[in-house]
Number of protein chains: 2
Amino acid sequence: MPRATINDVATAANVSTATVSRVLNGHKVTSSTSDRVWAAVGTLDYTPNALTRGVFAGRSNTIGVIIRDLNSPFYLELMRGIDKVATHDRSLVMFANTFNQIEREAAHVQTMDEQRVRGLILTTGPSTDDRTKHFAERGTPCVIVARKAPDLVPNLHSIALDNHEAGRLIATHLIECGKKSIGVLHGGSRTSQSERIDGLRETLAEYDLTLHDDVVHVAESGNDVSVALDEIFTNARAVGRPIDTIVCLTGLLTTRTYEVLNERGCHIPEDIALIAMDDFPWAKTLGITVVAQPSFDMGVEAATLITNGNDHPQHIVKNPRLVVRQSCGESEEPTE
Amino acid sequence: MPRATINDVATAANVSTATVSRVLNGHKVTSSTSDRVWAAVGTLDYTPNALTRGVFAGRSNTIGVIIRDLNSPFYLELMRGIDKVATHDRSLVMFANTFNQIEREAAHVQTMDEQRVRGLILTTGPSTDDRTKHFAERGTPCVIVARKAPDLVPNLHSIALDNHEAGRLIATHLIECGKKSIGVLHGGSRTSQSERIDGLRETLAEYDLTLHDDVVHVAESGNDVSVALDEIFTNARAVGRPIDTIVCLTGLLTTRTYEVLNERGCHIPEDIALIAMDDFPWAKTLGITVVAQPSFDMGVEAATLITNGNDHPQHIVKNPRLVVRQSCGESEEPTE
DNA sequence: TTGAAAGCGCTAACAG
DNA sequence: CTGTTAGCGCTTTCAA
């Protein structure tokens, strides 16, 4: 049997479809008619069609989210934050994972557009900026996460970490721990990464420490870590400054780095210090010192930016937080 | 300016809306008209409205997913598997997280119904069974994950682990490692948990080992672990059988268990063995032996069950896989 | 191959 | 307070 429609309910309750619609949406009706309508809804097992509602309203009550890689603890927590707001707001979350393939980003934005999402949260790179701007200009609020929005466009917001400060936090902590020769693993050419490197480098410079380019290496996935680490160690030794610390500038690299270091018999923190971006459940267990992003909160705020519906572009910058554990050979008195 | 509609495109291209629709859907039209239509689509920046399409079709091209807790590695991988199929199929994934609150499950199923999802994948408990059955009977394919579907209803599929076998795998491995007194931490009264316990208990019995109820404790969240562990140790000591192994029957408990054991100065595997359900990135690093579920594949198969659109109810059972590492004091010759 | 027209399920004016 | 009526944007017969 086909689904009951509003017409069926109207017939069964002996009222017009308009009245049924009113009852369903909580508008004023006599309680006796309202009762009849609800009774009909019950017996016919009627479920309103959100699609049709969306057609009329011009948009759905769905928040679109495009995630780079759900595997990263940062994105996972972000997602949970978004979902929390959505549930509270009786919205839904529509989700797409690009699996780090840039060419998929634009397609996903397009699909979200077709779905007439009420807002879009995206963690994509600049490749989608044009489409996103367009999208925002037409009235759909968009929030770019982990990167500053490209321009001052109405409805185009952003929420990002103060990446420069994150770099500074790392550098300061390492200096306090007496580290002198630092190697860096980062996740590619995103601005977030280069800002962190800048903050790191500048702060080190204040203490007369130089971060040379040949000890800063990219590792897009965990697989590259071993090779990158080799390069870093070799280059540093060549100039007589053996590495005493490895910095992971993206959370995804931490597992593999820790593993490779272990495999080579490097003890943390005795032989080498390790500090990473993004906190994750096992970091505490393993005593890894990290600079954490408030990822859940960022999800909450991103979603709120959408549910609020304020056109005025906002650019929220969140502060990173140093979580001191033992992986940098921290002394008894913690810095925090 | 408002969005362009199919009418605008038709006017601009000097054709009827029917023709535009045909072009958009790849039906047969003269190439010259087709060109004109596409040109108009371009200049007007027309994006088709998926909602309207859905109204007509009676359903959207969205797959609904209700997840218990995205934090668990099992659900996360499942989600990625689902997303992979969806992307391939040009469908979207609509997602809701219940945060383990049962009372939210039904509401989410309802919302998914209103959205006219093309299929529903759910990891909820039996509380939603009635609604789900209803849903399936009306023609929307539903896949219950990690639990057998309640009945033989058309369109109501399920995909689950052979939990009994998982329990058996754990028991066999522990016996091979010479373990004799086992304590169990599980995640509550779900059938998955009790089946694992049964498999464990029965296999142990075959080797004349008894798993007493007083060393099987529930720990809904990581917070309870410490208390539960206390109980287990105390009870076992009372009967002169000090615990030599802790089994975590759900992945979420593993972090906390490992941590508590560490805090108490118990070395793994010298003082106590640890084996857990569900593999996760850090397990390899930490040398934790686990029984893994093919969670990504389960996501892929669940989604495929929906995109295939076969009414006939299917009940897929997947095999668990023992991943031997060092946390049970494994000898040189691995069992696998 | 194309157009006219009806309608998917629902909402919102506008009367009454 | 309630019914009538006209759409929302798109698809699909049915003719031409």
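Residue numbering restarts at 1 for every chain, and letters A, B, ... go by the order of the sequence lines.
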Are any of [X]'s side-chain N or O atoms less than 4.0 Å away from OP1 or OP2 of [N]?
X: Thr5(A); N: dG9(C); value: no
X: Asn25(A); N: dT11(C); value: yes
X: Ser16(A); N: dG3(D); value: yes
X: Thr17(A); N: dG9(C); value: no
X: Arg53(A); N: dT11(C); value: yes
X: Thr19(B); N: dG3(C); value: yes
X: Thr30(B); N: dT2(C); value: yes
X: Arg22(B); N: dT1(C); value: no

Residue pair Arg80(B) / Glu77(B), side-chain heavy-atom distance below 4.5 Å: yes
Sugar-phosphate, base or nothing in reach of Ser21(B), heavy atoms under 4.0 Å: base
Sugar-phosphate only, base, or nothing, as touched by Val15(B) at under 4.0 Å among non-hydrogen atoms: sugar-phosphate
[atom1] of [X] versus [atom2] of [N]: gap in Å, rounded?
X: Asn14(B); N: dG3(C); atom1: CG; atom2: C1'; result: 12 Å
X: Gln115(B); N: dG9(C); atom1: CD; atom2: C1'; result: 14 Å
X: Asn7(A); N: dT5(D); atom1: CG; atom2: P; result: 14 Å
X: Phe56(B); N: dG7(D); atom1: CZ; atom2: P; result: 19 Å
X: Leu51(A); N: dG9(D); atom1: CG; atom2: C1'; result: 13 Å
X: Lys28(A); N: dT2(D); atom1: NZ; atom2: C1'; result: 14 Å
X: Asn61(B); N: dT11(D); atom1: CG; atom2: P; result: 12 Å
X: Ile6(A); N: dC10(C); atom1: CD1; atom2: P; result: 5 Å

Looking just at side-chain N and O atoms, do [X] and [Y] make a donor-acceptor pair shorter than 3.5 Å?
X: Thr47(A); Y: Glu114(B); value: no
X: Ser16(A); Y: Thr19(A); value: yes
X: Ser91(B); Y: Arg118(B); value: yes

Salt bridge (charged side-chain N to carboxylate O under 4.0 Å, His left out) between Arg138(B) and Asp45(A), worked out: CA-CA 11 Å; Arg138(B) 281 196 307 215; Asp45(A) 189 31; 2.7 Å; yes
First encountered from the 5' end of DNA chain C, between Ser32(B) and Val20(A): Ser32(B)
Nearest-nucleotide comparison on DNA chain C, the residue closer to the 5′ end among Thr52(B) and Thr33(B): Thr33(B)
Residue Val55(B), side-chain atoms from C-beta onward, closest of dC10(C), dT12(D), dC8(C): dC8(C)
From dG9(D), dG3(D), dC10(C), nucleotide with atom closest to Asn49(B) side chain: dG9(D)
Enumerate donor-acceptor pairs with a distance under 3.5 Å from any side-chain N or O in residues 34-42 of chain B to protein atoms, sequence neighbours excluded.
from, atom 1, to, atom 2, distance (Å)
Arg36(B), NE, Ala13(B), O, 2.9
Arg36(B), NH2, Ala13(B), O, 3.3

